[in-house]
2 protein chains.
Amino acid sequence: MTTIKDVAEKAGVSVATVSRVINNEKYVNEDLRRYVLKIVNDMGYQPDGIARGLRTKSTNVISLVIPDINNPFYPEVARGVQSVADEYEYVVILCNTDRVVQREQKFVNILNQQRVEGIIINPSGSTRREMNILARLNIPVVLISSQNILPNFDIVMVDNIQGVGLAIDHFYELGHRRIGLVGGSREVSSGEQRYQGYIQSIARHGIPVEEELITEGKFDHNGGYECMKRLLKLKNRPTAVFAANDIMAIGAVSAIYETGLKIPDDISIIGFDDIAYSRMMYPKLTTVSQPKFEMGAIATQMLFERVTGQEIPNPRRKILDHSLVIRDTTQRI
Amino acid sequence: MTTIKDVAEKAGVSVATVSRVINNEKYVNEDLRRYVLKIVNDMGYQPDGIARGLRTKSTNVISLVIPDINNPFYPEVARGVQSVADEYEYVVILCNTDRVVQREQKFVNILNQQRVEGIIINPSGSTRREMNILARLNIPVVLISSQNILPNFDIVMVDNIQGVGLAIDHFYELGHRRIGLVGGSREVSSGEQRYQGYIQSIARHGIPVEEELITEGKFDHNGGYECMKRLLKLKNRPTAVFAANDIMAIGAVSAIYETGLKIPDDISIIGFDDIAYSRMMYPKLTTVSQPKFEMGAIATQMLFERVTGQEIPNPRRKILDHSLVIRDTTQRI
DNA sequence: AATTTTTCTGTAAACGATTACAACCCAAAT
DNA sequence: ATTTGGGTTGTAATCGTTTACAGAAAAATT
């Protein structure tokens, strides 16, 4: 690896001059600059980011920590993050925890040691203690799609309760009164909130909340499948089902098809997220849409406002717009 | 940020001793070790990975560069990569190029400057010049799912030509003779190979190759949709279609449904990859399966063999097993 | 008791960049 | 002729670690 010293020697100048040239500082003679630049290119010299980082205390890297890279929701968020990180000439380390809290903590520690300058995270952990690890870092953190237990972080999310409300309202207007929940784990914030949204909306319409219509599973395809299986076993099964996210909805759809029932003829279904696949599948999924790319982009924008040292005393909370996208999995009873 | 010096001062020892303690070297008194460790914990000291990296010339990070994070194929590969990187206590920087070569090159340069210790890449670029940038790095590189133009890199992939052969054979056995291709861009290696696989297999069965049955589009949902649209406009449309990957197949399915045709009754279809959706969708997609997680894991394993300095003179080529998974989108004509 | 070996600890030199500071040169102003 | 001041360059300190080397103390060997 050629170092700045090698370049300096070859060019017959001091390392300081080379440094000035590659950092485009003024106060270096135009001819000399061109000369040094030529040698830099000839030697294929690239400054060592590590050494530079040690001196300048900046690594130009941030990190995005997500629970499930197999859920297309997150890759889309990641694209949003990347897009603004690009503008700032930062690279982003993407960490996938597969929802194991332990791994999340390990990541956070490593990231801290590697001196990333900020973290965007959708936490798998939810307890105060788990969050404390984040709080002890002294770098900016922004939470996506998660309640902040500790009030120290910026946060960007949609209003889950309202979002679910849209879904239940739609069911209600279509005449459904027996509405099931294919719920995600209530240990994570969005699972809990969407559960609350379901309960509150059902109650708001004067429909009695029935325990047997409420299920809870893992936030993935199989979780949705299992939950739906349970609902289908009921003597008096629901005519409509809200699933806590789209991949659970897709799992539910599989379960429904498996029993020979038709969608939406026999059962209506609504998901949450509006992942790309929901408009590619058949029948196309009615779902509560949230702006995934923007969520990533805005979170990153907020992060950089702190990374670049702006004084923002209070944690901010940005609520993004959601909307119900009516497609082909819902129909009048 | 507390440094090793702070810890040393507080403990009344030299920095060397603290360094020895946190690196678990022998030759430090057991009592002293415990004492220092206590202070380390009290102060919440974490060594600076940057400074350490500068001295030791190791960053403990590798990178995975992929063209399309929205294609579930790659997240699954990424999980495989992460899983073995975890074992080695490495973190992985995931870079998504969205198939723009320019961005790929920028990433590679930044990664090089950040002194990542190895790169796993599914290149978007294909020309010799584009590959040269990789060759000039002096860190290990392993290619996934791509031909190596330059013979300098390890590579792990499936035999695309054989894979496509399985699909075409299956169509043939089911009585199909008019088989269309929803092809991916031939500028990328897997697009070209799958095209070749199609041509060769068709010829092998003595079926004339017809230009009008061959389409080429972007390697995504919309690409598949557009190609299929074109095939459907033919006076004499195909009875079976092979799509270059599953998301293209899914796009093709959308296009077929849109015209009111039935799958597999009117048209049979086979994809490639076996992403998770292909068995969640309806009807379930027949597809050529390749081991995604393993591909990532094995590539990473090969990478680490070089990263850890083993002498492996020749580039290696690992061909993984593929198989045809017959589901519900193919039927006898 | 003298010597050798082993254990333990500290001093100081790296690693590869950035940057404060000083010094020099030269043109312009006094 | 002297001073001023901006442009240009170099010297050396610094960032936070690891580690070669040295030296002291303790243990083992002769």
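These numbers come from the heavy atoms of this one structure, side chains and all, not from hydrogens, waters or symmetry mates. Letters A, B, ... are given to chains in the order of the sequence lines, protein chains preceding strands, and every chain is numbered from 1.
The pair Lys106(B)-Glu89(A) meets the salt-bridge criterion, since a charged nitrogen lies less than 4.0 angstrom from a carboxylate oxygen. A salt bridge is defined here as a Lys NZ or Arg NE, NH1 or NH2 lying under 4.0 Å from an Asp or Glu carboxylate O, and Arg99(B) with Asp220(B) fails to meet this definition. No salt bridge links Arg52(B) with Asp48(B); every basic N to acidic carboxylate O contact stays at or beyond 4.0 Å.
Atom CZ in Arg115(B) sits about 11 Å away from atom C1' in dA17(C), given to the nearest Å. A straight line from OH of Tyr35(B) to P of dC8(C) spans 19 Å, rounded to a whole angstrom. For the pair Tyr45(B) OH and dG16(D) P, the computed distance is 10 Å after rounding to whole Å. The distance between atom CD of Glu25(A) and atom P of dA17(C), rounded to the nearest whole Å, is 15 Å. With rounding to whole Å, Ile22(A) atom CD1 is found 11 Å from dT19(C) atom P. For the pair Asp31(B) CG and dT9(C) C1', the computed distance is 15 Å after rounding to whole Å. Rounded to whole Å, the distance from CG on Asn60(B) to C1' on dT17(D) is 14 Å.
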Could you please spell out the steps behind the side-chain contact (heavy atoms from CB on, under 4.5 Å) verdict for Leu303(A) and Asp154(A)?
CA-CA 8 Å; Leu303(A) 188 74; Asp154(A) 288 335; over 6 Å; no
Apply side-chain contact (heavy atoms from CB on, under 4.5 Å) to the pair Val21(A) and Val40(A), showing each step before the final yes or no.
CA-CA 10 Å; Val21(A) 168; Val40(A) 164; 5.5 Å; no
Trace of the salt bridge (charged side-chain N to carboxylate O under 4.0 Å, His left out) decision for Asp6(B) with Lys10(B)
CA-CA 6 Å; Asp6(B) 302 332; Lys10(B) 188 134 182 177; over 6 Å; no
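No side-chain heavy atom of Val61(B) sits less than 4.5 Å from a side-chain heavy atom of Gln114(B). Inter-residue side-chain proximity for Val158(A) and Pro291(A) is flagged as met; some heavy-atom pair is nearer than 4.5 Å.
Side-chain contact check for Gln46(A) and Asn109(B): at least one donor-acceptor pair (N or O, by modelled atom type) lies under 3.5 Å.
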Strictly under 4.0 angstrom, non-hydrogen atoms only: write out the protein contact profile of nucleotides 8-15 of chain D, one letter per nucleotide from the 5' end, B, S or -.
BBBB-BBB
What string of B, S and - do you get for nucleotides 23-28 of chain C, 5' to 3', if B is base contact, S is sugar-phosphate-only contact and - is no contact with any protein heavy atom under 4.0 Å?
------
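Shown here is Gln102(A), whose CD atom has no more than 12 heavy atoms of other residues, nucleotides or ligands within 6.0 Å.
The heavy-atom pair separating Thr59(B) from Glu117(B) by the smallest distance is N-OE2, 2.7 Å.
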Are there any protein N/O atoms within less than 3.5 Å of an N/O atom in nucleotides 24-28 of chain D, and if so, which ones and at what distance?
none

